[in-house]
2 protein chains.
Amino acid sequence: MGEPGTICGRRRCLGKEYSCSMELSLAVIGGKWKPLILWHLRETPTLRFSALRRTMPAITQKMLTQQLRELESDGLLTRTVFAEVPPRVEYALTDLGRGIIPILEALCRFGKEFEARFGVEAADAPAPAAAER
Amino acid sequence: MGEPGTICGRRRCLGKEYSCSMELSLAVIGGKWKPLILWHLRETPTLRFSALRRTMPAITQKMLTQQLRELESDGLLTRTVFAEVPPRVEYALTDLGRGIIPILEALCRFGKEFEARFGVEAADAPAPAAAER
DNA sequence: CCGAATCCGACGCGATACTG
DNA sequence: CAGTATCGCGTCGGATTCGG
């Protein structure tokens with residue numbers, strides 16, 4: 001379909017198996033938290049662990065640590081440890097990581113288009129049948 | 001961070017809960033199969049179930065049916081049933097669904113960039129420690 | 001302050017069998 | 001041909017506790 005090589009056999013890169021470059025990207029930026037992390041690092045040179053965590057109140061330390069490590073080993077961000085007390089760890093996007101930002105922005109725009117078409121409501125809405133019309 | 005409203009409280013749209021428009025998009029095109037399905041419908045006006053299945057040998061009927069139904073109820077594609085025998089069902093992208101294509105293409109490009117940077121190998125490679133170096 | 005380790009529930013996804 | 005129904009595993013993600 002389309003360009004040769006766009007879709008082909010089963011491959012592996014950085015330990016991830018896939019059949020299409022697109023799948024690889026989703027393996028890298030997919031999941032519940034990675035897009036948010038990259039997004040929050042979008043316009044900030046560096047962010048330390050606790051600051052990053054404050055921007056995502058719902059995430060647990062375990063998940064934040066885990067996702068950060070994966071993003072690091074995928075080369076999307078750098079992790080700098082300062083051997084001092086109290087400990088300090090700073091995270092920053094790499095050039096490769098910055099390449100994801102336009103995609104996230106596109107996803108964001110599409111999401112808004114989606115909301116515009118189907119409507120949005122607060123997640124704690126009392127009853128989905130008590131407004132408008 | 002950035003534009004007001006870009007990241008805010010917990011919302012709901014089409015039954016999906018999220019805190020960011022980006023998450024909504026990932027809920028819609030994420031997962032193992034949806035990107036592939038949309039991709040295969042990219043340049044084809046319509047595809048019937050069996051044809052679609054032939055393009056993705058690894059998918060099971062159950063998953064294909066399930067993912068197609070979700071994409072339909074999210075308004076990304078249409079499902080047309082022909083009441084004849086043998087039965088025939090055709091799927092086609094909607095305008096909304098076509099809006100996803102540029103994002104998938106961007107994901108595809110990024111995936112290739114990724115491969116170029118880290119290298120690719122066949123998934124059935126005999127041993128990951130018997131080449132180069 | 002920044003993690004690692006463990007336990008555990010939820011569900012995405014697959015294999016198989018059956019139906020109009 | 002194009003589905004449903006049932007079963008079960010493996011992984012994702014959350015709660016909690018411990019360590020440097």
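These numbers come from the heavy atoms of this one structure, side chains and all, not from hydrogens, waters or symmetry mates. Labels below follow one simple rule: chain letters A, B, ... track the order of the sequence lines, proteins then strands, and each chain is numbered from 1.
- For A:Gln61, the side-chain hydrogen bond (donor to acceptor under 3.5 Å, both in side chains) criterion is met by no residue, not counting sequence neighbours.
- A salt bridge is defined here as a Lys NZ or Arg NE, NH1 or NH2 lying under 4.0 Å from an Asp or Glu carboxylate O, and A:Glu105 with A:Arg42 meets this definition.
- Taking only side-chain nitrogens and oxygens, B:Tyr91 comes nearer than 4.0 Å to OP1 or OP2 of D:dG3.
- In this model, the phosphate group of D:dA2 is approached by a side-chain N or O of B:Ser50 to a distance below 4.0 Å at OP1 or OP2.
- Residue A:Arg48 has a polar side-chain atom (N or O) positioned under 4.0 Å from OP1 or OP2 of C:dC2.
- At whole-Å resolution of the value, CZ in A:Arg88 and P in C:dC2 are 10 Å apart.
- For B:Gln67, the listed nucleotide lying nearest its side chain is C:dC13; candidates were D:dG3, C:dC13, D:dA15.
- One atom, CD of B:Gln66, and another, P of C:dC13, lie 8 Å apart when rounded to the nearest Å.
- Of the two residues contacting DNA chain D, namely A:Pro87 and A:Ala58, the nearest-nucleotide position lying further toward the 5' end is that of A:Ala58.
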Polar atom pairs (N or O), protein with nucleotides 4-9 of chain D, under 3.5 Å:
residue	atom	partner	partner atom	Å
D:dT4	OP1	B:Arg69	NH1	2.9

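- With sequence neighbours excluded, the residues that form a ring-ring contact (aromatic ring centres under 6.0 Å, His included) with A:Phe110 are A:Phe114.
- Neither OP1 nor OP2 of D:dA2 sits under 4.0 Å from any side-chain N or O of B:Arg53.
- Distance A:Glu70 CD to D:dG13 C1': 12 Å, rounded to the nearest Å.
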Only distances under 3.5 Å count here; give the side-chain donor-acceptor pairs of residues 78-88 of chain B to other protein atoms, sequence neighbours excluded, each with its distance to 0.1 Å.
residue	atom	partner	partner atom	Å
B:Thr78	OG1	B:Ala92	O	3.4
B:Arg79	NE	B:Tyr91	OH	3.4
B:Glu84	OE2	B:Arg88	NE	3.2
B:Arg88	NH1	B:Glu90	OE2	3.2

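- Nearest nucleotide to the side chain of A:Thr60, out of D:dA2, D:dA15, C:dC13: D:dA15.
- For B:Lys32, there are no salt bridge (charged side-chain N to carboxylate O under 4.0 Å, His left out) partners, not counting sequence neighbours.
- Checked against side-chain hydrogen bond (donor to acceptor under 3.5 Å, both in side chains), B:Glu70 has the following partners two or more places apart in sequence or in another chain: B:Lys34.
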